Amino acid sequence: MNRKKVMYWILLVLLVSIILFLYNAFNGNPISKHISKRVLENHLLTTYPDKEFRVKDGMYDFKFNEYIFPVVQIGSGEQYDFQVRGFLQPEVTGDGVRFASLDIPLMERLSKEAAEEIYLLLKDEIESVRAVDVQLEVLQGSEEVKWHKDFPLEKPIYIHIVIDATNFGKEEVLNDTEIIQKILAREQYNYDSVTVNGNIIDDPEITKDLENGYVKYSVSFEQETKLKLKDVKELE
């Protein structure tokens, strides 16, 4: 009888644990939600000290494992969405106020101009380079509208590069990545980080296509990173 009771309680605890786990996975939990809200409120106070906001009740997005909080600016009544991600140390990953202030059309054009410039620069010295993409942010009201390396951006650019690694091993990927890093340093590009994907190319005649083939190797670096072979990740 005692053994049956023990088994009953073990099964009950196990069942409750599974239910709580599934609930947390799809709906979050009150503790992490409260912490996330506090983190967002602190972000608003420090980032926009001259404005007042009211954070409304948020919802949990299980697909991206984050909370989405509608935020109303007091006075104007404008509402913005903010994303907060992380359980133990949540951080604001999406700032609706900042996004609303970006000049998206200008950003898209400058990104293409920057990517073309960097592609031609790298392709001239590295045969394996197949495509380059650049992500950058520009606020509305910018007086400059043409790309150049010293363009007054809000933060350094992010660069995504695809090289042809069809006949490459890790050593060759590392070698070309090191050359890329040296060229960017020599030309004094101000970047936050660079990701180099070594693709098994489907069509060698197609260039400037980030989706040509599939990713076999991937390596990322920042300006001061000292690259090593272990930094090159081989994907299954």
Side-chain angles (χ1 to χ4, degrees), residues 25 61-66 83 85-86 91 93-94 99 102-138 146-149 151 153-236:
D61 186 342
F62 71 90
K63 290 183 179 180
F64 298 99
N65 192 29
E66 65 186 11
Q83 290 78 41
R85 184 178 302 171
E91 60 180 351
T93 55
F99 183 79
L102 297 176
D103 190 331
I104 304 300
L106 179 59
M107 286 167 49
E108 292 177 347
R109 182 166 60 79
L110 291 176
S111 294
K112 290 180 180 179
E113 293 175 3
E116 179 68 11
E117 177 182 275
I118 295 173
Y119 172 80
L120 293 175
L121 175 68
L122 297 178
K123 188 64 177 176
D124 188 52
E125 300 187 40
I126 309 171
E127 185 179 353
S128 66
V129 171
R130 306 291 299 186
V132 175
D133 180 56
V134 171
Q135 296 177 17
L136 50 80
E137 292 187 358
V138 182
K146 185 175 178 57
W147 165 256
H148 56 87
K149 287 186 295 185
F151 193 97
L153 299 169
E154 286 301 298
K155 59 182 181 180
I157 62 176
Y158 165 75
I159 307 173
H160 178 201
I161 300 169
V162 170
I163 64 174
D164 183 353
T166 303
N167 299 310
F168 279 9
K170 284 188 175 183
E171 292 80 6
E172 289 81 7
V173 173
L174 175 64
N175 180 69
D176 280 9
T177 301
E178 288 177 325
I179 297 174
I180 289 171
Q181 187 182 35
K182 290 177 182 178
I183 293 174
L184 294 175
R186 183 190 71 203
E187 300 299 325
Q188 299 183 332
Y189 279 94
N190 184 23
Y191 60 87
D192 178 55
S193 65
V194 177
T195 296
V196 177
N197 284 349
N199 283 19
I200 305 300
I201 300 298
D202 287 334
D203 189 342
E205 300 301 319
I206 298 177
T207 59
K208 301 181 183 181
D209 182 4
L210 296 170
E211 305 300 326
N212 189 357
Y214 65 91
V215 181
K216 177 66 174 178
Y217 303 100
S218 184
V219 54
S220 297
F221 62 86
E222 298 176 356
Q223 297 202 40
E224 303 301 323
T225 301
K226 296 187 182 301
L227 289 164
K228 298 179 181 178
L229 189 61
K230 66 179 182 180
D231 297 320
V232 182
K233 308 301 181 185
E234 184 171 0
L235 309 180
E236 297 297 333

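Just so you know, residue 1 is the first one in the sequence shown, and it goes up from there. The figures that follow rest on heavy atoms only: side chains count, while hydrogens, waters and symmetry mates do not. On a predicted model such as this, the values are computed, not experimentally measured, just so you know.
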Any residue meeting side-chain hydrogen bond (donor to acceptor under 3.5 Å, both in side chains) with N190, in chain and number order, not counting sequence neighbours | Q223
With rounding to the nearest 0.5 Å, note down the distance linking [atom1] in [X] to [atom2] in [Y].
X: L136; Y: L106; atom1: CG; atom2: CG; answer: 8.5 Å
X: L227; Y: E222; atom1: CG; atom2: CD; answer: 11.0 Å
X: D61; Y: R85; atom1: CG; atom2: CZ; answer: 9.0 Å
X: Y214; Y: I200; atom1: OH; atom2: CD1; answer: 4.5 Å
X: I159; Y: S220; atom1: CD1; atom2: OG; answer: 12.0 Å
X: T177; Y: E172; atom1: OG1; atom2: CD; answer: 11.0 Å

Given I161 and V194, is the side chain to side chain contact (heavy atoms under 4.5 Å, CB included) satisfied, shown in steps?
-> CA-CA 8 Å; I161 300 169; V194 177; 3.9 Å; yes
What I'd like to find out is whether the side chain of [X] reaches to under 4.5 Å of the side chain of [Y], using heavy atoms alone.
X: H160; Y: Q135; result: no
X: F99; Y: I104; result: yes
X: I183; Y: L122; result: yes

Who pairs with F151 by ring-ring contact (aromatic ring centres under 6.0 Å, His included), at least two apart in sequence or on another chain?
-> H148
List the atom of [X], the atom of [Y], and the distance in Å for their closest heavy-atom pair.
X: S193; Y: Y158; result: OG-CD1, 3.2 Å
X: L153; Y: W147; result: CD1-CZ3, 4.2 Å
X: L121; Y: R186; result: CD1-NH2, 4.2 Å
X: K233; Y: K230; result: NZ-O, 3.1 Å

Short question: side chain of [X], backbone of [Y] - any donor-acceptor pair under 3.5 Å?
X: K216; Y: A165; answer: no
X: D133; Y: A115; answer: no
X: S111; Y: V134; answer: yes
X: E66; Y: Q83; answer: no

From T166, D176, D164, N199, residue fulfilling side chain to side chain donor-acceptor pair (under 3.5 Å) relative to S128 | D176
Output yes when [X] and [Y] qualify as a salt bridge under the 4.0 Å nitrogen-oxygen rule, no when they do not.
X: E108; Y: K112; answer: no
X: E125; Y: K182; answer: no
X: K155; Y: E137; answer: yes

Determine, stepwise, if the pair V196 / Q181 fulfils side chain to side chain contact (heavy atoms under 4.5 Å, CB included).
-> CA-CA 10 Å; V196 177; Q181 187 182 35; over 6 Å; no
How far apart are the C-alpha atoms of L110 and V138, what are their side-chain angles, what is the distance that settles it, and do they pass the side chain to side chain contact (heavy atoms under 4.5 Å, CB included) test?
-> CA-CA 9 Å; L110 291 176; V138 182; 3.7 Å; yes
Under the side-chain contact (heavy atoms from CB on, under 4.5 Å) test, residues paired with K170 that sit two or more places apart = Y217, L229, V232, E234
Would the number of heavy atoms belonging to other residues, nucleotides or ligands and lying under 6.0 Å from CD of E127 be above 12?
-> no
Answer yes or no: does atom CD of Q188 have more than 12 heavy-atom neighbours from other residues, nucleotides or ligands under 6.0 Å?
-> no
Show your reasoning for whether side chain to side chain contact (heavy atoms under 4.5 Å, CB included) applies to D231 and F221.
-> CA-CA 9 Å; D231 297 320; F221 62 86; over 6 Å; no
Residues S218 and N197: side-chain donor-acceptor under 3.5 angstrom = yes
